[in-house]
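Presented below is the structure to which this report refers.
These values consider heavy atoms only, across backbone and side chains, with no hydrogens, waters or symmetry-generated copies. It should be emphasised that the depicted structure is a prediction, and the values quoted were computed from it without experimental measurement.
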Amino acid sequence: MELITSVKNQKIKDILKLQDYGARKDQNKYIIEGFREISFAIKCEHLINSLIFCSDIINEKEVENLISKCRERPEVININRYVFEKIAYRDHKDGLIAVAESRTLKLEEIKLSNYPLIIILESVEKPGNLGAILRSADAANADAVIICEPKTDFFNPNTIRSSLGCVFNKQVVSAESANVVRWLKEKKIKICITYISKTSKPYFEINLCEPIAIVLGSEAFGLTDIWVSASDEQIIIPMNGEIDSLNVSVSCAIVLFEALRQRYYLK
């Protein structure tokens with residue numbers, strides 16, 4: 001197997017391009033770093049196109065064992081430590097990078113449980129927040145995570161890292177707010193928005209046992225009028241200190257686990 005020793009190699013240039021959101025969208029591909037995350041993506045049957053490894057860091061037998069679990073055998077690329085250090089995005093480096101095909105669903109492809117619990121994010125900007133929300137969604141066994149008017153994508157390297165790979169096993173969708181509102185109404189799923197108003201209620205006073213979508217906006221601008229108009233419930237998280245809001249991923253986790261408490265511990 002040829003050893004690539006230069007970042008000017010075309011294969012390496014193509015991989016580096018995928019650090020950009022536009023390139024990921026155009027090519028329908030993304031980068032995964034780390035043995036754990038790549039293993040989880042393979043377990044969740046994401047298609048791995050290329051597996052890039054540094055034999056100075058990771059044992060080739062481990063790489064072959066990983067390849068044997070792939071749906072289809074990927075292209076295998078061997079690079080030296082210098083090239084790996086140049087293309088690795090993460091601080092923790094274990095000698096392994098993969099290029100995979102993006103896999104998201106359409107609204108009509110989402111499989112719902114009998115009492116769906118859905119997370120909807122409007123204009124989420126920070127990939128770290130999105131990743132943290134995906135971890136919470138996995139922990140609470142939410143049905144799906146939907147992004148409306150996204151400012152970042154599910155397969156941003158920081159999203160994958162902060163989600164610990166939970167992006168691979170959750171149903172994830174990107175769609176316009178109007179289409180999502182219409183879909184929720186058709187499915188008779190209650191729309192519960194985090195929003196400060198005179199009629200807002202504390203989140204723990206709301207019945208979260210029924211089919212429900214929890215909608216959160218960006219930290220900077222909150223939710224747009226389309227969600228305010230469409231909402232069935234408006235909730236707040238009471239704040240007892242000097243600040244008036246929490247990080248969006250923290251807010252999401254609080255409401256999600258109140259839903260979990262109601263659904264599983266108050267039966």
Side-chain angles (χ1 to χ4, degrees), residues 1-104 124-135 138 150-170 172 174:
M1 186 185 303
E2 178 188 1
L3 177 67
I4 294 177
T5 59
S6 171
V7 292
K8 294 182 179 180
N9 181 282
Q10 189 58 50
K11 290 181 179 179
I12 303 304
K13 288 182 178 180
D14 291 341
I15 292 166
L16 286 169
K17 288 178 183 177
L18 294 175
Q19 291 184 355
D20 179 71
Y21 170 61
R24 291 194 296 273
K25 185 176 180 181
D26 291 341
Q27 297 182 39
N28 200 39
K29 294 180 181 178
Y30 65 97
I31 296 170
I32 315 172
E33 288 192 33
F35 188 89
R36 177 180 58 186
E37 286 83 354
I38 294 171
S39 298
F40 196 33
I42 292 170
K43 180 181 178 181
C44 297
E45 298 189 340
H46 281 245
L47 182 60
I48 306 298
N49 295 133
S50 303
L51 198 60
I52 304 96
F53 77 100
C54 176
S55 54
D56 293 334
I57 302 173
I58 188 169
N59 187 289
E60 289 188 38
K61 288 184 178 179
E62 290 184 81
V63 177
E64 280 298 330
N65 182 52
L66 201 59
I67 291 168
S68 69
K69 298 175 182 177
C70 292
R71 287 166 51 191
E72 300 176 11
R73 184 175 177 86
E75 176 186 23
V76 182
I77 301 171
N78 187 9
I79 60 177
N80 67 3
R81 187 183 290 269
Y82 169 78
V83 175
F84 184 83
E85 294 288 342
K86 289 295 183 181
I87 68 174
Y89 192 86
R90 299 168 47 153
D91 294 330
H92 177 68
K93 305 175 179 72
D94 56 14
L96 203 60
I97 297 172
V99 175
E101 286 192 12
S102 301
R103 190 179 76 187
T104 56
V124 63
E125 295 177 287
K126 297 179 181 179
N129 282 339
L130 177 55
I133 288 169
L134 285 162
R135 285 180 68 178
D138 177 73
K151 304 295 183 184
T152 187
D153 63 319
F154 288 110
F155 299 110
N156 181 292
N158 277 330
T159 300
I160 295 172
R161 176 173 58 180
S162 58
S163 77
L164 296 184
C166 289
V167 65
F168 303 130
N169 73 327
K170 297 310 299 178
V172 294
S174 180

Next on the checklist: For Arg81 and Ile57: C-alpha separation, side-chain torsions, deciding distance, then whether side chain to side chain contact (heavy atoms under 4.5 Å, CB included) applies.
Outcome noted: CA-CA 8 Å; Arg81 187 183 290 269; Ile57 302 173; 3.8 Å; yes
Next on the checklist: Under the criterion salt bridge (Lys or Arg N to Asp or Glu O under 4.0 Å), I'd like the reasoning laid out for Glu64 against Arg73: C-alpha separation, chi angles, the key distance, then a yes or no.
Outcome noted: CA-CA 10 Å; Glu64 280 298 330; Arg73 184 175 177 86; 3.4 Å; yes
Checklist entry - Stepwise, does the side chain to side chain contact (heavy atoms under 4.5 Å, CB included) test hold for Ile97 with Phe53? => result CA-CA 6 Å; Ile97 297 172; Phe53 77 100; over 6 Å; no
Next on the checklist: With side chain to side chain contact (heavy atoms under 4.5 Å, CB included) as the criterion, how do Tyr82 and Thr5 come out once you've worked through the C-alpha distance, each side chain's angles and the decisive distance to 0.1 Å?
Outcome noted: CA-CA 7 Å; Tyr82 169 78; Thr5 59; over 6 Å; no
Checklist entry - Does the side chain to side chain contact (heavy atoms under 4.5 Å, CB included) test come out yes or no for Glu33 and Leu96, once each step is laid out? => result CA-CA 6 Å; Glu33 288 192 33; Leu96 203 60; over 6 Å; no
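The two residues Asn80 and Cys54 make their nearest non-hydrogen contact at C-SG, 3.7 Å. Of all heavy-atom pairs spanning Pro127 and Ser162, the tightest one is O-OG, 3.6 Å. Here the shortest heavy-atom pairing between Ser174 and Pro150 reads OG-CG, 3.5 Å. Nearest heavy atoms, Asn59 versus Lys61: OD1-N, 2.7 Å. When all heavy atoms of Pro74 and Ile67 are compared, the pair lying nearest together is CD-CG2, 3.9 Å. In this structure, Asn49 and Ala100 approach most closely via the heavy-atom pair OD1-C, 3.8 Å.
The closest side-chain heavy-atom distance from Asp14 to Lys17 is below 4.5 Å. Residues Ser68 and Leu66 have side chains not in contact (no heavy-atom distance under 4.5 Å, counting atoms from C-beta outward). Between Val167 and Phe155, the closest side-chain pair of non-hydrogen atoms falls below 4.5 Å.
In summary, the side chains of Asp138 and Asn169 do present a donor paired with an acceptor at a separation below 3.5 Å, with no hydrogens or angles considered.
With respect to the salt-bridge test (charged N to carboxylate O, under 4.0 angstrom), the residues Glu75 and Lys11 qualify.
Expressed to the nearest 0.5 Å, how far CD1 of Ile48 lies from NZ of Lys69 amounts to 13.0 Å. A distance of 11.5 Å separates SG in Cys166 from CG in Leu130, rounded to the nearest 0.5 Å. Atoms CD and CG, from Glu37 and Leu164 in turn, are 6.5 Å apart once rounded to the nearest 0.5 Å. Taken to the nearest 0.5 Å, the CD1 atom of Ile87 stands 4.0 Å off from the CD1 atom of Ile79. Rounding to the nearest 0.5 Å gives a distance of 13.5 Å between CD1 of Ile133 and NZ of Lys170. Distance check, rounded to the nearest 0.5 Å: CD of Glu72 to CG of Leu47 gives 5.0 Å.
Of the candidates Ile42, Ile38, Leu134, Ile32, Phe168 forms a side-chain contact (heavy atoms from CB on, under 4.5 Å) with just one, namely Ile32. Partner of Tyr30 under the side chain to side chain donor-acceptor pair (under 3.5 Å) criterion, chosen from Arg24, Glu101, His46: His46.
A donor-acceptor pair under 3.5 Å is formed between the side chain of Asp94 and the backbone N or O of Phe35. Between the side chain of Ser163 and the backbone N or O of Arg135, no donor-acceptor pair lies under 3.5 Å. Judged by distance alone, with hydrogens and angles left aside, the side-chain atoms of Arg161 form no donor-acceptor pair with the main-chain N or O of Asn156 at under 3.5 Å.
Within 6.0 Å of NZ on Lys126 lie no more than 12 heavy atoms contributed by other residues, nucleotides or ligands.
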